[in-house]
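Notes follow once the structure below has been shown.
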Amino acid sequence: MGRESRPDRDAEDLDLLERAARAAGPLALIYWRRAPEAWEKPDDAGPVSEADLAVDRSLRETLMAARPSYGWLSEETPDDLARLGHEDVFIVDPIDGTRAFLAGEKEFALSLALVRGGVVVAGVVHLPARDLTYSARLGGRAFCNDREIRASSRAELTGASVMTNRVNLDPAQWPGGIPDVKRVFRSSLAYRLCLAAEGRADAMLTLRRTWEWDAAAGSLIAAAAGCRVTDRHGADLVFNRAVPQSDGVVAAPPALHQGFMRGLGV
């Protein structure tokens, strides 16, 4: 899929995403640490709470009122495949890291992206409990609040700090040899991508099937900060698929990314 270059419109849409995220952040905090009603989704899909649904409604009302011709894909809205007929699509996770949110931790995020022709053109990851807003647009730089951020310049894989969980370092996953890295973790995948973008971790890695709403915004922010971002096979991520998942996500400075690909047998 391709995309028409619209830098002015991308900047306007990025501003819209930022405004929507900052407006919805206080709504999430109304429920945070106040024992919101929560329940498990079917098929072991994880928890959801009344806060997720309230933030989802807020984001949808704000974004779709401003851009009624765009499509919509959100973790907490029943999927309407009419989105496949839209060139421009919002892809949203109203609360990424719901387990952390319910545990009263600060590392949950609102993840908002605009996708055009399968490519993320604007992305925002907002952590209301930490007052952090990561953002980027295609062809531009990555920022945390008003500060430009850059990915790590590390080239040596051994000893690199990697945002990932234990299952991703199972030797069975690494025919070319499991990397000797230092593992760190945060509940929100979007936030993990931003930490790689900021250089607070050298890389971010998940080998499982990954929902688009978890990865869309953060993948652009990481790429704008200097990471190579692909699926586990080294292919570029494509968004707004009929089944909205990628085969994992690997985000790392180019030399480290090559090392991960060798280990994965790519």
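- Side-chain contact, Ser111 with Asp96: no donor N or O sits under 3.5 Å from an acceptor N or O.
- Residue Tyr191 is not grouped with residue Val250 when hydrophobic side chains (ILVMFWY) are merged at heavy-atom distances under 4.5 angstrom, including chains of intermediate members.
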Please tabulate, for side-chain N and O atoms in residues 24-42, each donor-acceptor pair with protein atoms closer than 3.5 Å (sequence neighbours left out).
| residue | atom | partner | partner atom | Å |
| --- | --- | --- | --- | --- |
| Trp32 | NE1 | Glu105 | O | 3.0 |
| Arg33 | NE | Gly104 | O | 2.8 |
| Arg33 | NH2 | Gly104 | O | 2.9 |
| Lys41 | NZ | Glu75 | OE2 | 2.8 |
| Lys41 | NZ | Glu76 | OE1 | 3.4 |
| Lys41 | NZ | Glu76 | OE2 | 3.2 |

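- Checked against side-chain contact (heavy atoms from CB on, under 4.5 Å), Ala216 has the following partners two or more places apart in sequence or in another chain: Ile91, Ala113, Val120, Phe239.
- For Glu212, the salt bridge (charged side-chain N to carboxylate O under 4.0 Å, His left out) test picks out no residue, with sequence neighbours left out.
- One hydrophobic cluster, built from ILVMFWY side chains closer than 4.5 Å, holds both Val121 and Val92.
- Atom CG of residue Asp93 and atom CG of residue Asp52 lie 7.5 Å apart, to the nearest 0.5 angstrom.
- To the nearest 0.5 Å, atom CG of residue Asp202 and atom CZ of residue Arg154 are 5.5 Å apart.
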Legend entry - side chain to side chain contact (heavy atoms under 4.5 Å, CB included) evaluation trace for Val249 with Ser219: CA-CA 8 Å; Val249 179; Ser219 67; 5.5 Å; no
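- A donor-acceptor pair under 3.5 Å is formed between the side chain of His126 and the backbone N or O of Leu132.
- Nearest approach of Leu189 to Ala215, heavy atoms of both residues: CD2-CA, 4.1 Å.
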Inset, instruction - I would like to know whether Ile149 and Arg147 meet side chain to side chain contact (heavy atoms under 4.5 Å, CB included); could you show each step before the answer? - result: CA-CA 6 Å; Ile149 56 175; Arg147 173 177 56 87; 3.5 Å; yes
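- The heavy-atom pair separating Leu169 from Ile178 by the smallest distance is O-CD1, 2.5 Å.
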Inset, instruction - Could you go through the side-chain hydrogen bond (donor to acceptor under 3.5 Å, both in side chains) check for Ser246 and Asp231 one step at a time? - result: CA-CA 6 Å; Ser246 64; Asp231 69 12; over 6 Å; no
Legend entry - Stepwise side chain to side chain contact (heavy atoms under 4.5 Å, CB included) test for Val229 and Leu237: CA-CA 8 Å; Val229 184; Leu237 302 180; 3.9 Å; yes
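- The salt bridge (charged side-chain N to carboxylate O under 4.0 Å, His left out) pairs that include a residue from residues 166-194 number zero, where partners must be two or more places apart or lie in different chains.
- Contact record, Thr98 with Ile95: OG1-O, 3.2 Å, taken as the closest heavy-atom pair.
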Side chains of residues 136-145: which donor-acceptor partners sit under 3.5 Å, not counting sequence neighbours?
| residue | atom | partner | partner atom | Å |
| --- | --- | --- | --- | --- |
| Arg141 | NH1 | Glu148 | OE1 | 3.3 |
| Asn145 | OD1 | Thr133 | N | 2.8 |
| Asn145 | ND2 | Asp131 | O | 3.3 |

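- Hydrophobic clustering (ILVMFWY, side-chain heavy atoms < 4.5 Å, transitive): Tyr70 and Val119 are in one cluster.
- The CH2 atom of Trp211 sits 9.0 Å away from atom CG of Leu73, with the distance rounded to the nearest 0.5 Å.
- Taking each heavy atom of Leu17 and Leu114 in turn, the nearest pair found is CD1-N, 3.9 Å.
- The line from CG of Leu207 to CG of Leu205 is 4.5 Å long, rounded to the nearest 0.5 Å.
- A donor-acceptor pair shorter than 3.5 Å can be found between the side chains of Trp72 and Thr77.
- In this structure Arg130 satisfies the salt bridge (charged side-chain N to carboxylate O under 4.0 Å, His left out) test together with Glu107, sequence neighbours excluded.
- For the salt bridge (charged side-chain N to carboxylate O under 4.0 Å, His left out) condition, the pairs that include at least one residue of residues 219-229, sequence neighbours left out, are Arg228-Asp236.
- When all heavy atoms of Leu112 and Ala217 are compared, the pair lying nearest together is O-CB, 3.3 Å.
- Taking hydrophobic clusters as Ile, Leu, Val, Met, Phe, Trp and Tyr residues chained together by side-chain heavy-atom distances below 4.5 Å, Met64 shares a cluster with Leu16.
- Panel note: side chain Ser58, backbone Ala54; no donor-acceptor pair is recorded below 3.5 Å.
- Here salt bridge (charged side-chain N to carboxylate O under 4.0 Å, His left out) pairs that include residues 18-29, with residues two or more places apart or in two chains, are Asp15-Arg19.
- Asp214 is linked by a salt bridge (charged side-chain N to carboxylate O under 4.0 Å, His left out) to nothing, counting only residues two or more places apart in sequence or in another chain.
- Ser49 places a side-chain heavy atom less than 4.5 Å from the side chain of Phe101.
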Inset, instruction - Check the pair Arg67, Asp13 against salt bridge (Lys or Arg N to Asp or Glu O under 4.0 Å), reporting the backbone distance first and the verdict last. - result: CA-CA 9 Å; Arg67 302 285 189 269; Asp13 284 335; 2.7 Å; yes
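- Using a 3.5 Å distance cut-off with no hydrogens or angles, the side chains of Tyr134 and Glu198 do pair a donor with an acceptor.
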Inset, instruction - Given side chain to side chain contact (heavy atoms under 4.5 Å, CB included), test Arg208 with Arg232 step by step and report yes or no. - result: CA-CA 9 Å; Arg208 300 194 228 184; Arg232 62 177 295 163; over 6 Å; no
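- Separating the SG atom in Cys227 from the CG atom in Leu193 is a distance of 8.0 Å, to the nearest 0.5 Å.
- Atom CE of Met204 and atom SG of Cys194 lie 10.5 Å apart (nearest 0.5 Å).
- Considering all non-hydrogen atoms of both residues, Val89 and Arg83 come closest at CG2-O, 3.7 Å.
- Side-chain heavy atoms closer than 4.5 Å link hydrophobic residues (I, L, V, M, F, W, Y) into clusters, and following such links, possibly through other members, connects Val184 to Leu127.
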Can you give me every donor-acceptor pair (side chain of residues 259-266, partner residue at least two apart or in another chain, under 3.5 Å) with its distance?
none

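- Leu59 is not listed as a side-chain neighbour of Ser74, based on a closest heavy-atom distance of 4.5 Å or more.
- Sorted by first and then second residue, the pairs that involve residues 250-261 and meet side chain to side chain donor-acceptor pair (under 3.5 Å), not counting sequence neighbours, are Thr230-His257.
- Listed by chain and residue number, nothing satisfies the salt bridge (charged side-chain N to carboxylate O under 4.0 Å, His left out) test with Arg209 (two or more places apart in sequence, or in another chain).
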